[in-house]
Visitor: 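Pasting a structure below so you can have a look.
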Amino acid sequence: MMRNVNTLHEIMGRINIEGVMRTDEPMDRHTTFRVGGPADLYIRPDSVADLQAVLSLLRQAGTPILILGGGANVVVSDAGVRGAVIDTTGLSAVRRDGNLLRVESGAMISDAAEVSVQHGLEGLEFLYSMPGTCGGAVWMNARCYGSSIDDILESVQYLDENSELQTLTAAHEEFDYKKSPFQLHDWTIVEAVFRLRPGSVDELTARMRGYYEDRLSKGHFALPCAGSVFKNDRRFGAPSGKILDELGVRGMQVGGARVSDLHANIIVNTGTARASDIYHLTQKLHDLVLSERGYDLEPEVLFIGEWESVLRTTTTASPD
Ligand SMILES: Cc1cc2nc3c(=O)[nH]c(=O)nc-3n(C[C@H](O)[C@H](O)[C@H](O)COP(=O)(O)OP(=O)(O)OC[C@H]3O[C@@H](n4cnc5c(N)ncnc54)[C@H](O)[C@@H]3O)c2cc1C
(Lines give C-alpha, C1' and ligand atoms only; values in the text may rest on other atoms or scores of the structure.)
Protein backbone atom coordinates (compact mmCIF):
# COMPACT_ATOMS: atom_id res chain seq x y z
CA MET A 1 0.00 0.00 0.00
CA MET A 2 1.53 3.32 -1.12
CA ARG A 3 1.03 5.50 1.91
CA ASN A 4 2.90 6.88 4.85
CA VAL A 5 1.03 6.31 8.12
CA ASN A 6 3.02 9.00 9.94
CA THR A 7 2.13 11.58 7.31
CA LEU A 8 -1.54 10.61 7.56
CA HIS A 9 -1.56 10.99 11.33
CA GLU A 10 0.31 14.27 11.05
CA ILE A 11 -2.36 15.56 8.63
CA MET A 12 -5.16 14.32 10.89
CA GLY A 13 -3.58 16.14 13.82
CA ARG A 14 -3.80 19.39 11.89
CA ILE A 15 -7.46 18.98 10.96
CA ASN A 16 -9.72 20.45 13.60
CA ILE A 17 -13.32 20.07 12.51
CA GLU A 18 -16.71 18.84 13.65
CA GLY A 19 -17.88 15.74 11.84
CA VAL A 20 -16.23 12.39 11.18
CA MET A 21 -12.60 11.54 10.47
CA ARG A 22 -11.27 7.98 10.27
CA THR A 23 -8.41 6.01 8.71
CA ASP A 24 -8.85 2.80 6.69
CA GLU A 25 -12.56 3.32 6.21
CA PRO A 26 -14.14 0.48 4.15
CA MET A 27 -15.75 2.10 1.12
CA ASP A 28 -18.30 -0.68 0.63
CA ARG A 29 -20.19 1.09 3.45
CA HIS A 30 -20.48 4.22 1.32
CA THR A 31 -21.36 2.93 -2.15
CA THR A 32 -24.68 1.60 -3.46
CA PHE A 33 -22.85 -1.31 -5.16
CA ARG A 34 -21.58 -2.28 -1.66
CA VAL A 35 -18.04 -2.87 -2.93
CA GLY A 36 -14.73 -1.10 -2.40
CA GLY A 37 -11.66 -1.41 -0.19
CA PRO A 38 -10.43 1.04 2.47
CA ALA A 39 -9.79 4.74 2.02
CA ASP A 40 -6.54 5.84 3.70
CA LEU A 41 -8.35 8.80 5.19
CA TYR A 42 -12.12 9.38 5.32
CA ILE A 43 -13.54 12.76 6.34
CA ARG A 44 -17.16 13.87 6.60
CA PRO A 45 -17.32 17.60 7.43
CA ASP A 46 -20.49 19.06 8.93
CA SER A 47 -20.26 22.58 7.52
CA VAL A 48 -19.09 24.45 4.43
CA ALA A 49 -16.43 26.24 6.51
CA ASP A 50 -15.04 22.88 7.67
CA LEU A 51 -15.16 21.49 4.13
CA GLN A 52 -13.21 24.53 2.95
CA ALA A 53 -10.64 24.17 5.75
CA VAL A 54 -10.14 20.45 5.03
CA LEU A 55 -9.71 21.00 1.30
CA SER A 56 -7.12 23.75 1.91
CA LEU A 57 -5.15 21.68 4.34
CA LEU A 58 -5.13 18.51 2.24
CA ARG A 59 -4.08 20.50 -0.82
CA GLN A 60 -1.23 22.14 1.08
CA ALA A 61 -0.10 18.68 2.21
CA GLY A 62 -0.31 17.35 -1.39
CA THR A 63 -2.80 14.63 -0.38
CA PRO A 64 -4.91 13.26 -3.27
CA ILE A 65 -8.60 14.10 -2.71
CA LEU A 66 -11.68 12.22 -3.84
CA ILE A 67 -15.09 13.83 -3.32
CA LEU A 68 -17.85 11.35 -2.62
CA GLY A 69 -21.59 11.99 -2.51
CA GLY A 70 -23.97 9.05 -2.13
CA GLY A 71 -21.62 6.65 -3.94
CA ALA A 72 -24.49 5.78 -6.32
CA ASN A 73 -22.57 6.08 -9.57
CA VAL A 74 -19.18 4.67 -8.64
CA VAL A 75 -17.26 1.41 -8.35
CA VAL A 76 -14.49 1.85 -5.79
CA SER A 77 -11.57 -0.52 -6.35
CA ASP A 78 -11.08 -3.51 -4.05
CA ALA A 79 -7.70 -1.96 -3.19
CA GLY A 80 -9.49 1.13 -1.92
CA VAL A 81 -8.48 4.77 -2.24
CA ARG A 82 -5.03 6.25 -1.64
CA GLY A 83 -5.28 9.66 -0.06
CA ALA A 84 -8.44 11.22 1.34
CA VAL A 85 -12.11 10.65 0.60
CA ILE A 86 -14.26 13.62 1.54
CA ASP A 87 -17.86 12.56 2.06
CA THR A 88 -20.26 15.48 1.53
CA THR A 89 -23.32 13.95 3.17
CA GLY A 90 -22.79 16.02 6.34
CA LEU A 91 -23.91 19.09 4.35
CA SER A 92 -27.59 18.39 3.94
CA ALA A 93 -29.62 21.60 4.39
CA VAL A 94 -32.57 22.26 2.02
CA ARG A 95 -34.13 25.74 2.10
CA ARG A 96 -36.97 27.32 0.17
CA ASP A 97 -36.55 30.88 -1.05
CA GLY A 98 -39.70 31.85 -3.00
CA ASN A 99 -39.69 29.75 -6.18
CA LEU A 100 -36.07 28.79 -5.60
CA LEU A 101 -34.88 25.75 -3.66
CA ARG A 102 -31.37 25.96 -2.17
CA VAL A 103 -29.93 22.50 -1.63
CA GLU A 104 -26.58 21.75 0.00
CA SER A 105 -24.44 19.31 -1.94
CA GLY A 106 -24.71 16.39 0.48
CA ALA A 107 -28.51 16.39 0.73
CA MET A 108 -30.09 13.38 -0.99
CA ILE A 109 -31.60 14.66 -4.23
CA SER A 110 -34.71 12.54 -3.65
CA ASP A 111 -35.23 14.21 -0.24
CA ALA A 112 -34.85 17.64 -1.89
CA ALA A 113 -37.49 16.63 -4.47
CA GLU A 114 -39.84 15.62 -1.67
CA VAL A 115 -39.31 18.93 0.17
CA SER A 116 -39.98 20.89 -3.03
CA VAL A 117 -43.28 19.07 -3.53
CA GLN A 118 -44.29 19.65 0.11
CA HIS A 119 -43.86 23.38 -0.67
CA GLY A 120 -46.03 23.01 -3.81
CA LEU A 121 -43.10 23.60 -6.15
CA GLU A 122 -42.85 21.80 -9.48
CA GLY A 123 -39.71 20.91 -11.44
CA LEU A 124 -37.54 18.69 -9.23
CA GLU A 125 -39.96 15.79 -8.76
CA PHE A 126 -38.50 13.78 -11.68
CA LEU A 127 -35.49 13.00 -9.44
CA TYR A 128 -37.60 11.53 -6.64
CA SER A 129 -36.27 8.10 -5.63
CA MET A 130 -33.07 8.42 -7.69
CA PRO A 131 -30.23 7.50 -5.28
CA GLY A 132 -27.38 9.92 -4.53
CA THR A 133 -26.79 13.48 -3.44
CA CYS A 134 -27.52 16.86 -4.96
CA GLY A 135 -23.77 17.38 -5.61
CA GLY A 136 -23.46 14.03 -7.40
CA ALA A 137 -26.57 14.75 -9.47
CA VAL A 138 -25.21 18.15 -10.56
CA TRP A 139 -21.73 16.71 -11.27
CA MET A 140 -23.30 13.97 -13.43
CA ASN A 141 -26.03 16.24 -14.84
CA ALA A 142 -28.34 13.39 -13.85
CA ARG A 143 -31.15 12.60 -16.26
CA CYS A 144 -34.34 10.59 -16.13
CA TYR A 145 -37.92 10.65 -17.39
CA GLY A 146 -37.03 13.10 -20.17
CA SER A 147 -35.45 15.80 -17.96
CA SER A 148 -31.89 16.68 -16.92
CA ILE A 149 -30.84 18.53 -13.81
CA ASP A 150 -29.55 21.50 -15.83
CA ASP A 151 -33.15 22.10 -17.06
CA ILE A 152 -34.00 23.51 -13.61
CA LEU A 153 -30.60 24.66 -12.37
CA GLU A 154 -30.31 28.35 -11.55
CA SER A 155 -26.78 28.44 -10.13
CA VAL A 156 -24.18 26.38 -8.28
CA GLN A 157 -21.87 27.44 -5.48
CA TYR A 158 -18.58 25.59 -5.45
CA LEU A 159 -15.08 25.71 -4.01
CA ASP A 160 -12.51 26.12 -6.76
CA GLU A 161 -9.04 24.53 -7.00
CA ASN A 162 -7.79 27.14 -4.50
CA SER A 163 -10.64 26.24 -2.10
CA GLU A 164 -12.29 29.62 -2.72
CA LEU A 165 -16.06 30.02 -2.96
CA GLN A 166 -17.36 30.74 -6.49
CA THR A 167 -20.74 30.80 -8.24
CA LEU A 168 -21.53 29.32 -11.61
CA THR A 169 -24.71 30.23 -13.44
CA ALA A 170 -26.45 27.33 -15.08
CA ALA A 171 -26.45 28.96 -18.52
CA HIS A 172 -23.12 27.31 -19.05
CA GLU A 173 -22.38 25.72 -22.40
CA GLU A 174 -20.55 22.79 -20.81
CA PHE A 175 -23.81 21.25 -19.55
CA ASP A 176 -24.92 18.55 -21.97
CA TYR A 177 -26.28 15.00 -21.88
CA LYS A 178 -24.74 13.58 -18.64
CA LYS A 179 -22.02 16.23 -18.85
CA SER A 180 -21.31 19.17 -16.54
CA PRO A 181 -18.48 21.70 -16.24
CA PHE A 182 -17.58 20.09 -12.89
CA GLN A 183 -16.27 17.03 -14.76
CA LEU A 184 -13.59 19.24 -16.31
CA HIS A 185 -12.28 20.96 -13.17
CA ASP A 186 -11.09 20.21 -9.68
CA TRP A 187 -14.13 21.92 -8.12
CA THR A 188 -16.21 20.89 -5.12
CA ILE A 189 -19.93 21.59 -5.28
CA VAL A 190 -21.27 23.18 -2.10
CA GLU A 191 -24.85 24.15 -2.95
CA ALA A 192 -27.19 24.09 -5.95
CA VAL A 193 -30.07 26.48 -6.49
CA PHE A 194 -33.05 25.19 -8.47
CA ARG A 195 -35.61 27.44 -10.17
CA LEU A 196 -39.04 25.84 -9.72
CA ARG A 197 -42.66 26.90 -10.37
CA PRO A 198 -45.87 26.64 -8.37
CA GLY A 199 -47.70 23.33 -8.83
CA SER A 200 -50.38 21.16 -7.26
CA VAL A 201 -49.12 19.14 -4.27
CA ASP A 202 -51.53 16.27 -5.06
CA GLU A 203 -50.51 16.03 -8.71
CA LEU A 204 -46.81 16.25 -7.94
CA THR A 205 -47.12 13.65 -5.18
CA ALA A 206 -48.85 11.29 -7.62
CA ARG A 207 -46.08 11.89 -10.17
CA MET A 208 -43.40 11.07 -7.58
CA ARG A 209 -45.22 7.87 -6.64
CA GLY A 210 -45.31 6.93 -10.34
CA TYR A 211 -41.53 7.40 -10.70
CA TYR A 212 -40.86 5.34 -7.58
CA GLU A 213 -43.14 2.53 -8.75
CA ASP A 214 -41.49 2.52 -12.17
CA ARG A 215 -38.04 2.16 -10.57
CA LEU A 216 -39.37 -0.54 -8.26
CA SER A 217 -40.75 -2.51 -11.22
CA LYS A 218 -37.36 -2.30 -12.96
CA GLY A 219 -35.67 -3.82 -9.89
CA HIS A 220 -33.66 -0.69 -9.04
CA PHE A 221 -33.80 -1.38 -5.33
CA ALA A 222 -33.76 -5.19 -5.37
CA LEU A 223 -29.98 -5.71 -5.31
CA PRO A 224 -26.98 -3.36 -4.87
CA CYS A 225 -26.15 -1.55 -8.11
CA ALA A 226 -25.26 1.88 -9.52
CA GLY A 227 -28.03 2.29 -12.09
CA SER A 228 -27.16 2.29 -15.80
CA VAL A 229 -23.72 0.93 -16.64
CA PHE A 230 -23.46 2.65 -20.04
CA LYS A 231 -24.63 6.05 -21.28
CA ASN A 232 -27.04 6.19 -24.18
CA ASP A 233 -25.75 7.51 -27.49
CA ARG A 234 -28.18 8.83 -30.11
CA ARG A 235 -25.78 7.83 -32.93
CA PHE A 236 -26.42 4.15 -32.13
CA GLY A 237 -30.14 4.48 -32.85
CA ALA A 238 -31.36 2.74 -29.68
CA PRO A 239 -30.83 3.01 -25.92
CA SER A 240 -27.83 1.03 -24.65
CA GLY A 241 -30.18 -1.25 -22.70
CA LYS A 242 -31.98 -2.26 -25.89
CA ILE A 243 -28.72 -2.89 -27.77
CA LEU A 244 -27.47 -5.06 -24.91
CA ASP A 245 -30.80 -6.87 -24.64
CA GLU A 246 -30.70 -7.84 -28.30
CA LEU A 247 -27.37 -9.53 -27.57
CA GLY A 248 -29.00 -11.59 -24.79
CA VAL A 249 -26.82 -10.40 -21.94
CA ARG A 250 -29.34 -10.61 -19.09
CA GLY A 251 -28.05 -13.04 -16.47
CA MET A 252 -24.45 -12.89 -17.77
CA GLN A 253 -22.16 -13.20 -14.75
CA VAL A 254 -18.55 -12.65 -13.67
CA GLY A 255 -17.92 -13.77 -10.09
CA GLY A 256 -20.62 -12.18 -7.95
CA ALA A 257 -21.50 -9.49 -10.53
CA ARG A 258 -24.45 -10.22 -12.79
CA VAL A 259 -26.39 -8.42 -15.50
CA SER A 260 -29.82 -7.78 -13.99
CA ASP A 261 -32.60 -10.15 -15.04
CA LEU A 262 -34.88 -7.09 -15.29
CA HIS A 263 -32.68 -4.63 -17.20
CA ALA A 264 -29.78 -5.36 -19.57
CA ASN A 265 -27.98 -2.06 -18.80
CA ILE A 266 -27.80 -2.67 -15.05
CA ILE A 267 -25.20 -4.80 -13.28
CA VAL A 268 -26.10 -6.02 -9.80
CA ASN A 269 -24.06 -7.31 -6.90
CA THR A 270 -25.54 -10.73 -6.09
CA GLY A 271 -23.99 -10.51 -2.63
CA THR A 272 -20.41 -11.66 -3.20
CA ALA A 273 -19.25 -9.33 -5.98
CA ARG A 274 -15.86 -7.73 -5.84
CA ALA A 275 -15.27 -4.45 -7.60
CA SER A 276 -13.03 -6.33 -10.05
CA ASP A 277 -15.97 -8.62 -11.00
CA ILE A 278 -18.02 -5.53 -11.89
CA TYR A 279 -15.08 -4.12 -13.86
CA HIS A 280 -14.59 -7.31 -15.88
CA LEU A 281 -18.31 -7.76 -16.56
CA THR A 282 -18.52 -4.12 -17.76
CA GLN A 283 -15.53 -4.74 -20.03
CA LYS A 284 -17.12 -7.93 -21.36
CA LEU A 285 -20.37 -6.12 -22.24
CA HIS A 286 -18.46 -3.28 -23.87
CA ASP A 287 -16.37 -5.66 -25.98
CA LEU A 288 -19.40 -7.73 -26.99
CA VAL A 289 -21.28 -4.66 -28.28
CA LEU A 290 -18.15 -3.44 -30.07
CA SER A 291 -17.52 -6.75 -31.81
CA GLU A 292 -21.18 -7.54 -32.64
CA ARG A 293 -22.48 -4.05 -33.47
CA GLY A 294 -19.41 -1.84 -33.86
CA TYR A 295 -20.64 0.58 -31.15
CA ASP A 296 -18.13 1.88 -28.61
CA LEU A 297 -20.41 2.29 -25.55
CA GLU A 298 -19.25 4.84 -22.97
CA PRO A 299 -19.49 3.69 -19.35
CA GLU A 300 -21.63 5.93 -17.15
CA VAL A 301 -20.47 4.25 -13.93
CA LEU A 302 -17.14 5.64 -12.71
CA PHE A 303 -14.33 3.30 -11.68
CA ILE A 304 -12.49 5.14 -8.94
CA GLY A 305 -9.70 4.52 -6.43
CA GLU A 306 -6.57 2.44 -6.92
CA TRP A 307 -7.24 0.20 -9.92
CA GLU A 308 -3.74 -0.30 -11.29
CA SER A 309 -2.60 -2.89 -8.73
CA VAL A 310 -5.94 -4.75 -8.88
CA LEU A 311 -5.99 -5.05 -12.65
CA ARG A 312 -2.36 -6.21 -12.66
CA THR A 313 -3.34 -9.18 -10.44
CA THR A 314 -6.78 -9.93 -11.86
CA THR A 315 -6.17 -9.84 -15.60
CA THR A 316 -4.35 -13.17 -15.44
CA ALA A 317 -6.83 -14.70 -12.96
CA SER A 318 -9.92 -13.21 -14.60
CA PRO A 319 -12.91 -15.62 -14.63
CA ASP A 320 -13.69 -14.70 -18.23
C1 LIG B 1 -30.87 2.27 -8.44
C2 LIG B 1 -30.18 3.42 -9.17
C3 LIG B 1 -30.85 4.11 -10.15
C4 LIG B 1 -30.24 5.18 -10.83
N5 LIG B 1 -30.94 5.87 -11.78
C6 LIG B 1 -30.36 6.93 -12.39
C7 LIG B 1 -31.10 7.70 -13.34
O8 LIG B 1 -32.26 7.45 -13.61
N9 LIG B 1 -30.47 8.76 -13.94
C10 LIG B 1 -29.18 9.08 -13.64
O11 LIG B 1 -28.67 10.07 -14.20
N12 LIG B 1 -28.46 8.36 -12.74
C13 LIG B 1 -29.02 7.30 -12.10
N14 LIG B 1 -28.30 6.59 -11.18
C15 LIG B 1 -26.92 6.95 -10.88
C16 LIG B 1 -26.80 7.90 -9.67
O17 LIG B 1 -27.98 7.90 -8.91
C18 LIG B 1 -26.56 9.34 -10.15
O19 LIG B 1 -25.44 9.43 -11.00
C20 LIG B 1 -26.34 10.27 -8.95
O21 LIG B 1 -26.46 11.59 -9.42
C22 LIG B 1 -24.98 10.07 -8.29
O23 LIG B 1 -24.93 10.90 -7.14
P24 LIG B 1 -23.97 10.54 -5.94
O25 LIG B 1 -24.12 11.58 -4.90
O26 LIG B 1 -24.18 9.15 -5.49
O27 LIG B 1 -22.55 10.68 -6.64
P28 LIG B 1 -21.27 9.76 -6.40
O29 LIG B 1 -21.50 8.42 -7.01
O30 LIG B 1 -20.87 9.81 -4.97
O31 LIG B 1 -20.20 10.56 -7.26
C32 LIG B 1 -20.33 10.64 -8.67
C33 LIG B 1 -19.30 11.68 -9.17
O34 LIG B 1 -19.67 12.97 -8.70
C35 LIG B 1 -18.59 13.57 -7.99
N36 LIG B 1 -19.18 14.35 -6.90
C37 LIG B 1 -20.15 13.95 -6.04
N38 LIG B 1 -20.48 14.96 -5.21
C39 LIG B 1 -19.68 16.02 -5.55
C40 LIG B 1 -19.50 17.35 -5.07
N41 LIG B 1 -20.22 17.82 -4.03
N42 LIG B 1 -18.58 18.14 -5.66
C43 LIG B 1 -17.84 17.70 -6.69
N44 LIG B 1 -17.94 16.44 -7.19
C45 LIG B 1 -18.85 15.62 -6.63
C46 LIG B 1 -17.76 12.40 -7.48
O47 LIG B 1 -16.41 12.80 -7.24
C48 LIG B 1 -17.88 11.42 -8.64
O49 LIG B 1 -16.96 11.76 -9.64
C50 LIG B 1 -28.90 5.53 -10.50
C51 LIG B 1 -28.23 4.83 -9.49
C52 LIG B 1 -28.87 3.78 -8.82
C53 LIG B 1 -28.13 3.06 -7.72
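When a ligand or atom number is given, it counts from 1 through the structure's own listing order. Predicted model, so just to flag it, every value in this text is computed and none were measured. Keep in mind that the numbers below use all heavy atoms, side chains included, and drop hydrogens, waters and symmetry copies.
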Visitor: In chain order, what residues pass the side chain to side chain donor-acceptor pair (under 3.5 Å) check against His286, with sequence neighbours excluded?
Guide: Asp296
Visitor: Can you sort out the partners of Asp214 under salt bridge (Lys or Arg N to Asp or Glu O under 4.0 Å), two or more places apart, ordered by chain and number?
Guide: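 For Asp214 the salt bridge (Lys or Arg N to Asp or Glu O under 4.0 Å) partners, ignoring immediate neighbours, are Lys218.
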Visitor: In this structure, which one of Leu68, Thr133, Val20 forms a side chain to side chain contact (heavy atoms under 4.5 Å, CB included) with Thr89?
Guide: Thr133
Visitor: Establish, yes or no, whether a centroid distance under 6.0 Å links the rings of Phe221 and Tyr212.
Guide: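 Between Phe221 and Tyr212, the centre distance is under 6.0 Å.
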Visitor: List the protein residues in contact with ligand 1, where contact means a heavy-atom separation under 4.0 angstrom.
Guide: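 Those residues closer than 4.0 Å to ligand 1 by some heavy atom are Thr32, Ile67, Leu68, Gly69, Gly70, Gly71, Ala72, Asn73, Val74, Thr88, Ser105, Met130, Pro131, Gly132, Thr133, Gly135, Gly136, Ala137, Trp139, Met140, Ala142, Arg143, Cys144, Lys178, Trp187, Thr188, Ile189, Arg215, His220, Cys225, Ala226, Gly227, Glu300, Leu302.
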Visitor: Side chain of Ser148, backbone of Arg143: donor and acceptor closer than 3.5 Å?
Guide: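 Looks like no, no N/O pair under 3.5 Å.
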Visitor: Anything under 3.5 Å between a donor and an acceptor, one on a side chain of residues 91-101, the other on a protein residue two or more places apart or in another chain? List them.
Guide:
unit_1	atom_1	unit_2	atom_2	d
Arg95	NH2	Glu191	OE2	3.0
Arg96	NE	Gly98	O	2.8
Asp97	OD2	Arg102	NE	3.0
Asp97	OD2	Arg102	NH2	3.0

